[in-house]
2 protein chains.
Amino acid sequence: MSDQAKPRKARHAATLADVGREAGVSAMAASTVLNGARTSTRISDETRQRILAAADKLQYRPNATARGLAERRLNTIGLATTLSGNELNQYFLEVFNGVIEAAAAAGQNTTVFAMPDWQQVGSRLPAICDGRIDGLILLAPLINPDDAAQLPDHTPFVAIHANHAMPGVGNVASDEEAGAHAMVAHMLSLGHRRVLHLAGPNTSSGAQRRIDGFRRAHAEAGLTVNPGQILHSDYSASSGRRVLTEWLERHRGQPMPEAIFAANDAVALGCIDILAGLGLRVPQDVSVVGFDDTLLARTTRLATVRQPLRDMGHQAVSLLMQAIEAKHRGQPARQATEVLLPTELVPGQTLSAPPADTVLIP
Amino acid sequence: MSDQAKPRKARHAATLADVGREAGVSAMAASTVLNGARTSTRISDETRQRILAAADKLQYRPNATARGLAERRLNTIGLATTLSGNELNQYFLEVFNGVIEAAAAAGQNTTVFAMPDWQQVGSRLPAICDGRIDGLILLAPLINPDDAAQLPDHTPFVAIHANHAMPGVGNVASDEEAGAHAMVAHMLSLGHRRVLHLAGPNTSSGAQRRIDGFRRAHAEAGLTVNPGQILHSDYSASSGRRVLTEWLERHRGQPMPEAIFAANDAVALGCIDILAGLGLRVPQDVSVVGFDDTLLARTTRLATVRQPLRDMGHQAVSLLMQAIEAKHRGQPARQATEVLLPTELVPGQTLSAPPADTVLIP
DNA sequence: CTGAAAGCGCTAACAA
DNA sequence: TTGTTAGCGCTTTCAG
């Protein structure tokens with residue numbers, strides 16, 4: 001009966017062609033009016049109104065994939081990260097917050113790609129860069145130089161806290177060495193002499209930069225750092241608890257460190273937890289400071305070193321958008337801009353002068 | 001000289017047509033081999049090899065937008081939420097973790113849409129559902145019934161902790177009333193009699209359900225709840241600090257509540273902060289419990305009510321995928337499934353029996 | 001000011 | 001087993 005085709009798959013709601021038909025104009029006239037295609041010419045006010053009315057009546061919705069196909073652009077950026085210890089962490093949340101804000105302001109959506117580890121990046125990145133994102137932000141990537149050279153070059157990349165410089169990939173970082181140095185120097189100036197550093201994992205270049213700052217502050221104060229003074233944990237509270245507990249057990253009866261400089265906020269809170277369990281007060285008996293100034297620190301009033309994580313998200317998006325726009329204009333996309341942001345001390349309530357009398361490890 | 005067209009915009013790397021040409025076969029043969037198109041026929045081993053070789057040589061990459069356009073599907077789901085107080089919160093992080101895990105397991109990407117408030121959902125949702133996502137999860141939506149009826153019906157939706165039932169929209173929730181009831185009953189059984197409830201905002205139906213549980217536990221114990229016993233905050237630590245501080249100032253010199261049942265973990269930690277500032281010990285002088293069991297609670301060993309947030313993310317994805325698949329098979333997509341998950345008490349270290357002697361508010 | 005036609009890269013129906 | 005043809009919905013030349 002009907003001459004209407006009966007497609008097996010449901011079609012998109014109302015198309016430009018439908019709108020054009022309804023308004024008695026061509027699809028492209030509708031396109032110009034509704035989606036602001038930057039074709040050279042303009043449409044008369046009269047037809048414009050007819051088209052708008054038809055679009056409204058038919059509930060026209062542009063189709064993102066069709067537009068993406070034609071424009072080679074989906075207005076979507078990606079954020080790649082790892083599910084460390086099977087959990088997204090605070091650090092991610094802070095940066096993501098900045099990314100999503102800046103992306104929204106630039107009219108971009110954000111798609112998150114979480115992989116178990118960075119090993120898989122080499123294999124999965126090319127699959128990701130298949131037109132579904134216009135550019136990608138790598139969050140704290142641990143990529144070996146070989147893989148870095150393999151990055152598909154039709155997609156712009158920007159890294160945040162990259163472990164290595166990557167060819168043609170911009171990088172946003174905060175000055176962790178300076179932050180660690182400032183904090184430890186401050187602690188030493190308060191009179192602390194035995195500061196334990198519960199550093200991050202060996203694989204993390206950020207952990208190394210914080211260790212560097214720790215050492216430099218000591219060196220400048222004429223103090224030597226002995227090997228046992230630096231422990232390694234991963235970046236979680238539970239790891240902080242475990243590492244500190246083991247260390248305390250090995251040093252039972254000896255003088256308690258006057259202060260602990262932790263790899264990040266979570267590790268610091270893990271330490272506070274253990275100390276409280278031993279009946280020690282923070283900061284009266286032991287001072288504890290963190291790193292990052294995540295929501296964890298803000299909520300618990302932890303003394304910490306603020307990295308402008310949210311702002312780093314903003315900056316990364318900004319860099320990425322520049323690269324995307326450049327690529328779209330046919331200009332060379334890859335340009336390795338380096339942005340280094342300053343850190344800042346956050347006083348908090350877990351750092352004070354050392355106790356008058358030496359506390360012994362129970 | 002060259003008969004090669006010179007397109008103004010750079011084209012996608014290598015297309016199926018390119019591969020086919022290189023291998024001396026049609027584009028669709030290449031499609032069958034490389035992208036597993038489920039067309040009826042198979043390809044001989046010999047041509048298959050030729051095609052694979054050509055694809056490898058040309059570095060063929062499928063184009064997601066083209067495929068999305070043809071298949072009306074991008075294998076991407078969306079997660080819509082608000083930036084409450086301009087920040088993504090812990091609750092979001094926990095759920096998101098579950099969503100992204102389950103989505104990855106189902107071969108889906110996840111795009112996050114964060115809006116300042118749910119008012120804007122009515123206007124932005126239709127624009128989101130334009131083919132860039134196959135389905136959408138609404139996280140703790142505050143949608144009025146009128147807007148709910150307006151949801152574009154070509155996209156499947158699932159809600160988590162919806163404030164109202166939405167027509168044709170599945171919902172995943174945890175039994176907050178039961179969780180609050182169990183916790184408060186437990187507190188009363190420990191001997192607490194003056195429990196202050198720092199509830200969530202009036203607009204939150206979850207806050208109301210927790211209040212209901214709070215009241216029911218009191219009623220069952222034969223205790224009356226007086227109006228001043230329930231305060232409202234929003235869900236942040238700073239708000240918890242503010243509200244508690246004001247309340248304590250208004251009640252100076254009167255007996256301190258023996259325990260505080262907070263709207264969520266952040267509010268609980270805000271309270272602990274204030275109490276510590278007054279020289280009160282938790283839980284010796286005052287017990288404090290939270291709600292949610294977010295990373296905040298796990299890090300600080302807060303007593304709390306565990307909502308299986310991550311699991312709720314899994315369930316929501318599962319429901320959504322069912323709806324997407326159904327829609328794709330041409331079956332009715334909308335079916336309002338309701339999933340209710342149990343909560344669980346987490347002991348922690350901030351809840352004990354009340355102090356022997358009444359503490360006065362300093 | 002407007003329309004016709006071609007193409008973005010892929011998949012699905014139908015022939016050969 | 002393979003090729004041909006026809007879209008998916010939108011943009012963008014290029015003519016009228």
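None of the values given here were measured: they were computed from a predicted structure. Order of the sequence lines fixes the chain letters, A, B, ..., with proteins taken first and strands second; residue numbering starts at 1 for each chain.
Distance from the side chain of Ala66(B) is smallest for dG9(C) among the nucleotides dC8(D), dG9(D), dG9(C). Ranking dT11(D), dC10(C), dG3(D) by closeness to the Val25(B) side chain, first place goes to dG3(D). Here the nucleotide nearest the side chain of Met28(A), chosen from dT12(D), dG9(C), dC10(C), is dT12(D). Closest to the Ala70(B) side chain, of the nucleotides dG9(D), dG7(D), dT11(D), is dG7(D). Distances were taken from every side-chain heavy atom of Ser31(A) (C-beta onward) to each of dG3(D), dA12(C), dT11(D); the shortest belongs to dT11(D).
In terms of heavy-atom proximity, Ala114(B) sits nearest to Leu83(B) at CB-CG, 3.8 Å. Looking at every heavy atom in both residues, Ala55(B) comes nearest to Val19(B) through N-CG1, 3.9 Å.
Atom CZ in Arg50(A) sits about 12 Å away from atom C1' in dC1(C), given to the nearest Å. Atom pair Leu16(A):CG and dC8(C):C1' shows a separation of 15 Å (rounding to whole Å applied). A straight line from CG of Asp18(A) to P of dG9(D) spans 8 Å, rounded to a whole angstrom. Straight-line distance from the CZ atom of Arg72(A) to the C1' atom of dG9(C): 10 Å, rounded to whole Å. dT1(D) atom C1' lies 11 Å from atom CD1 of Ile51(B), rounded to whole Å.
Between Arg310(A) and Glu101(A) there is a salt bridge, with a side-chain nitrogen of the basic residue lying less than 4.0 Å from a carboxylate oxygen of the acidic one.
An OP1 or OP2 oxygen of dG9(C) is reached within less than 4.0 angstrom by no side-chain nitrogen or oxygen of Arg67(B).
With C1' as the reference atom, dC8(C) and dG3(D) are 22 Å apart, rounded to whole Å. Going from the P atom of dC10(C) to that of dT1(D) covers 24 Å, rounded to whole Å.
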Given the rule in the side chain to side chain donor-acceptor pair (under 3.5 Å) test, do Asn75(B) and Arg73(B) qualify, once you have shown the distances and angles that lead to the verdict? CA-CA 6 Å; Asn75(B) 292 308; Arg73(B) 162 159 201 176; 3.2 Å; yes
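Counting non-hydrogen atoms under 4.0 angstrom, Thr47(A) reaches the backbone sugars and phosphates but no base.
Residue Ala29(B) is the one, among Ala29(B) and Tyr60(A), whose nearest nucleotide of DNA chain D lies closer to the 5' end (criterion: closest heavy atom).
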